[in-house]
Amino acid sequence: MTEIAEEIAQVRFTVESARARRQSIGFVPTMGALHAGHARLIERCREEARFTVVSLFVNPTQFGPNEDFTSYPRTWDEDLCVASAAGADLLFRPSVEAMYPSGRLSTYVEPGSLSTVLEGRSRPGHFRGVATVVLKLFQIVQPDFAYFGEKDYQQLLVIRRIVDDLNVPVAVRSVPTVREPDGLAMSSRNRYLSPAERQAALVLSRALGAARDVVLRGEHDANRIRQTLAETVKYEQLAELDYAEVADAGSLEPLVEIETGRRAVALLAVRIGGTRLIDNAILME
Ligand code: PAF
């Protein structure tokens, strides 16, 4: 049976009760519009932690002024079903007022250089909003473990860095991207896509697959791999490339060459009609 909490005090009380029963606490932060990728995070959490907390909060501070905060899908009834079926013990669904009582905060977490490239460059202020809300949620839930999807690769790195830099006592776990059978990475924003756009959105996984193939065939020049990514996207009429990067998988520093022994990641952001989608793939372990 999944308990529902809207108040911070209720979360604290329920989590403290679980701790008193010597249960470890796992946490899956989400913005709702749950899909199979979120269900996988919750299941992974349940494999490791005895008590699973899931938050559903569409966080206004991580959206830019022209972004989709108001239209972001809010599907509470379905979310409750997905989270319960996946085994969540507690669903925390705070209001904006509960998280930002006077409308805004005086204190924000400003993540460093990892947050100024790629998504950070295209979406100024995004990671400041993510970092701040995740730290607030960590303070409220005080989990032992927290689970994040690899689909949001840069977010995962930013959160790991905050946890390290600020000595937050939580073990951050990453969970591989869940994909539709045809390769599209699961995302709440896929709901925005028309049938034609849904088909066009396959260009992201196709481009990443093409990049992986050229690396397997021996291509190590990062510019040529970027070109493979960009050209694949260019041939899809409904797609518009935001960025195609080949970077060090730990620092996100753009690479000149892919080298054996240096983990490399390809990252893509593409607009399909009015929907901005991201995806990534590890090119070198
Ligand atoms: O990945 C998300 O859904 C959000 O960025 C997060 C981590 C829940 C913070 O609002």
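Just so you know, ligand 1 is whichever comes first in the structure, and atom 1 is the first atom listed for that ligand.
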Colleague: Could you work out the complete set of other residues in the hydrophobic cluster of Met1, with links drawn between I, L, V, M, F, W and Y side chains under 4.5 Å apart?
Modeller: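 Reading the cluster by chain and number, Met1 sits alone, since nothing else belongs.
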Colleague: So, using ring pair (Phe, Tyr, Trp, His ring centres under 6.0 Å) as the criterion, who are the partners of Tyr100 when residues are at least two apart?
Modeller: none
Colleague: Tell me if the CZ atom of Arg21 is crowded by more than 12 foreign heavy atoms within 6.0 Å.
Modeller: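 Yes - once you tally the heavy atoms of other residues, nucleotides and ligands closer than 6.0 Å, there are more than 12.
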Colleague: Which N or O atoms of ligand 1 sit under 3.5 Å from a protein N or O, and how far apart is each pair?
Modeller:
| residue | atom | partner | partner atom | Å |
| --- | --- | --- | --- | --- |
| ligand 1 | 1 (O) | Gln155 | NE2 | 2.8 |
| ligand 1 | 5 (O) | Gln62 | NE2 | 3.0 |
| ligand 1 | 5 (O) | Gln155 | OE1 | 2.7 |
| ligand 1 | 10 (O) | Gln62 | OE1 | 2.6 |

Colleague: Show which side-chain atoms of residues 126-136 pair as donor or acceptor with protein atoms under 3.5 Å away, not counting sequence neighbours.
Modeller:
| residue | atom | partner | partner atom | Å |
| --- | --- | --- | --- | --- |
| His126 | ND1 | Gln62 | O | 2.9 |
| Arg128 | NE | Glu110 | OE1 | 3.2 |
| Thr132 | OG1 | Val109 | N | 2.9 |
| Thr132 | OG1 | Arg128 | O | 2.7 |
| Lys136 | NZ | Met99 | O | 2.9 |

Colleague: Take atom CD of Glu48 as the centre, draw a 6.0 Å sphere, and report whether it contains more than 12 heavy atoms from other residues, nucleotides or ligands.
Modeller: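 It does: Glu48 CD has more than 12 such atoms within range.
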Colleague: Determine, for Phe69 and Arg74, whether the Lys NZ or Arg CZ falls below 6.0 Å from the six-membered ring centre while staying within 45 degrees of the axis.
Modeller: yes
